[in-house]
Amino acid sequence: MLQLSYIRENKEDVLKRLDIKNFKDAESVINTILSLDDKRKLAQRQADDVKAEANGLAKQIGELMKTGKKEEAETLKLKTTELKQSEKQFDEELKNIEAEIQKILVTVPNTPNLTVPRGKTPEDNEVVNEHGVIPELHANAVPHWELTTKFDLIDFELGVKLTGAGFPVYKGKGARLQRALINYFLDKATSKGYLEVQPPILVNADSGYGTGQLPDKEGQMYHCQVDDLYLIPTAEVPITNIYRDVILKESDLPIKNCGYTPCFRREAGSYGKDVRGLNRLHQFDKVEIVQITNPEKSYETLETMREFVSSLLQELELPYRTLKLCGGDMSFGSALTYDLEVWSAAQKRWLEVSSVSNFETFQTNRLKCRYKDANGKTQLAHSLNGSALALPRIVASLLENNQTENGIKIPKVLVPYTGFDFIG
RNA sequence: GGAGAGAUGCCUGAGAGGCCGAAAGGACAUGUUUGCUAAACAUGCGUACGGGUAACCGUACCGAGGGUUCGAAUCCCUCUUUCUCCGCCA
């Protein structure tokens, strides 16, 4: 959520940036917010004045009662009864205006960084770099969903029996590969100074609002209605919410956390080749990195996070490319996002495996995650996060890219974790 | 799941209808002093919104939300949560 004070003081800048995001009717929405804000200020002043008067009278009544002047006190009481009426009115009005502002404010996306490319669709994303060699596969090469069956690594049908489509069962070396990747990713992250945390994978609605999944993506999360809890779509939600309603010391920054969790996504509306095999699942594993930083450092931090994720792909020897997302393809809360995509050699397409974003104050404003600066002033910190990495598509391209006539080669860095270097 | 006791500022903790945005101590910050570590003393030290060039002023907040009252941290109700005991259980 954008800060009202920021919108008020930087209207032109906000409009310019929202335009990058193709936010419809930006000007009229912002104007509505600002005029509501004026109404809010007026209502508050009126409400405060009435309350001040009532407080004063109450104090006088107290004095009179103490000195035994009962009758005078009674007269004043009548007066306060009147005040109470208008107090109620103004409070009501204030509450309504605030609710209205809030309602609109949560529908306004974050203001993109000025370097974000203009555009509407994934085709408009800017390719920042491409790394690695696209492998030439042998003549009988097949996509990963055939490899997983051939070598008995993943049973999709069994998952359908147990739960439904998109909930695969990993078996044998397939299961071990999952565990290996998780441990490898966590080890790399902790060696870079990220503190590993293991958060709950169900969260309450407050947490959903804190990171912006609610109300924006209500339908994309699994919801346990009996207890009103949500299954997390990413570890970003619980990990970032650790810092909800927290005032940090400047010396605490940057906060670097990483964590492995399963992630749950309803993916309502997806279909076809997009969801084949491991391409899109309802439950998948991911290691996430999160940083809370000083505002001046957040873009520098974004680059180091991107480089970290790149280094993982390089070590896994997967060809990848980095995209700087255009305004239209960026998520609701992000100010700047890099997507990293690996090449899936049998499907002959790029698969997104990581998304690294700077949210600036968009999340921390809702979270009320602040820090005290050198002057003792509290201000909002910046939050960032990135996948490092999401497993299924990594597995898909590992299997496809490394397949030979006899089986699948495991990248060197993983062998200590898998305990085998070949699946045959 | 049942019974009881709690929830106060960064922490400990007093306050039991008006004198309470809240004692006291600790922590922290600044200053003075002593040769360093440190100690002593003094001062300061919550958040948000609104008004004001500013000093400052107003309002709200004592787990959350309602209620009673002229007036609520304090009384009542609901919820959340913590602790103790019992039950169940990896």
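Below, chains carry the letters A, B, ... as their sequence lines are ordered, and counting in each starts from 1. Side chains are part of it too, since the values below use all heavy atoms of this structure and drop only hydrogens, waters and symmetry mates.
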Whole-angstrom distance between B:U82 and B:G67, as gauged at atom P: 28 Å

Euclidean distance for C1', B:C77 against B:A72 (whole angstrom): 15 Å

Listed pairs, N/O of protein and of nucleotides 44-47 of chain B, under 3.5 Å:
from	atom 1	to	atom 2	distance (Å)
B:U47	OP1	A:K372	NZ	2.9
B:U47	O3'	A:R370	NH1	3.0

Ion pair A:E300/A:K297, N-O distance below 4.0 Å: no

What's the CD1-P distance between A:I61 and B:C19, to the nearest Å? 14 Å

Donor-acceptor contacts, no H, no angles, side chain residues 39-47 of chain A, under 3.5 Å, sequence neighbours left out:
from	atom 1	to	atom 2	distance (Å)
A:R40	NH1	A:D37	OD1	2.1
A:Q44	NE2	A:D48	OD2	3.4

Earlier contact from the 5' end, RNA chain B, for A:D37 and A:A54: A:D37

Going by atom type alone, with no hydrogens or angles, which donor-acceptor pairs under 3.5 Å involve a side-chain atom of residues 103-111 of chain A and a protein atom two or more places apart or on another chain?
from	atom 1	to	atom 2	distance (Å)
A:T107	OG1	A:I104	O	2.5
A:N110	ND2	A:G333	O	2.8
A:N110	ND2	A:F359	O	3.2

With A:D152, which residues qualify under salt bridge (Lys or Arg N to Asp or Glu O under 4.0 Å), at least two apart? A:K171

Dump the pairs, protein N or O against N or O of nucleotides 58-69 of chain B, anything under 3.5 Å, distances to one decimal.
from	atom 1	to	atom 2	distance (Å)
B:G58	N2	A:D48	OD2	3.0
B:U59	OP1	A:N55	ND2	3.2
B:U59	O2'	A:D48	OD1	3.0

Describe, in one word, how the ring planes of A:Y230 and A:H223 are oriented to each other, choosing from parallel (under 30°), tilted (30 to 60°) and perpendicular (over 60°). parallel

Using only side-chain N and O atoms of A:R8, determine if any of them is under 4.0 Å from OP1 or OP2 of B:C49. no

Pick the P atom in B:A29 and in B:G46, then give their distance to the nearest Å. 16 Å

Please set out all donor-acceptor pairs under 3.5 angstrom arising from side-chain atoms of residues 324-331 of chain A, sequence neighbours excluded.
from	atom 1	to	atom 2	distance (Å)
A:K324	NZ	A:T115	OG1	3.1
A:D329	OD2	A:N125	ND2	2.9

Is it the case that A:K192 places NZ or CZ above or below the six-membered ring of A:F308, under 6.0 angstrom from the centre and within 45 degrees of the axis? no

Considering only distance and modelled atom types, tabulate donor-acceptor pairs under 3.5 Å from the side chains of residues 153-166 of chain A, sequence neighbours left out.
from	atom 1	to	atom 2	distance (Å)
A:D155	OD1	A:E157	N	3.2
A:D155	OD1	A:L158	N	2.9

Roughly how far apart, to the nearest Å, are B:C61 and B:G21 at atom P? 11 Å

Without decimals, in angstroms, what is the distance between A:Y371 OH and B:C10 P? 19 Å

Would you mind reading off the distance between A:L248 atom CG and B:C28 atom P, rounded to a whole angstrom? 18 Å

Whole angstroms only, please: what is the CG-P distance between A:N204 and B:U80? 13 Å

P atom, B:A14 versus B:C85: distance in rounded Å? 22 Å

Of all the base pairs, Watson-Crick or G-U under 3.5 Å, which form stems of three or more consecutive pairs involving RNA chain B? B:1-7 with B:80-86, B:10-12 with B:24-26, B:28-32 with B:40-44, B:46-51 with B:56-61, B:63-67 with B:75-79

A:R40 side chain: which of B:C49, B:C19, B:C70 is closest? B:C49

Expressed in whole Å, how much space separates the C1' atoms belonging to B:U53 and B:C57? 15 Å

By side-chain contact (heavy atoms from CB on, under 4.5 Å), which residues pair with A:R244, not counting sequence neighbours? A:N204, A:D206, A:S207, A:N241, A:L367

Taking the same atom, P, in B:G9 and in B:A64, what whole-Å distance lies between them? 10 Å

Please report, rounded to the nearest Å, how far the P atom of B:C49 is from the CG atom of A:L105. 13 Å

Provide the distance between the two P atoms, one in B:G1 and one in B:C76, to the nearest whole Å. 25 Å

Can you list the residues that meet the salt bridge (Lys or Arg N to Asp or Glu O under 4.0 Å) rule with A:K21, with sequence neighbours excluded? none

Partners of A:R179 by salt bridge (Lys or Arg N to Asp or Glu O under 4.0 Å), sequence neighbours excluded? none

Distance, rounded to the nearest Å, where A:D91 contributes CG and B:G50 contributes P: 16 Å

How would you list, by chain and number, every residue that makes a salt bridge (Lys or Arg N to Asp or Glu O under 4.0 Å) with A:R17, sequence neighbours excluded? A:D13

Measure the distance from CG on A:L76 to P on B:G71 and round it to the nearest whole Å. 13 Å

With a non-hydrogen cut-off below 4.0 angstrom, is A:L57 in contact with a base, only sugar-phosphate, or nothing? nothing

Rounded to the nearest Å, what distance is computed from the CD atom of residue A:Q3 to the C1' atom of nucleotide B:A48? 13 Å

Within 6.0 angstrom of A:K51 NZ, more than 12 heavy atoms from elsewhere: yes

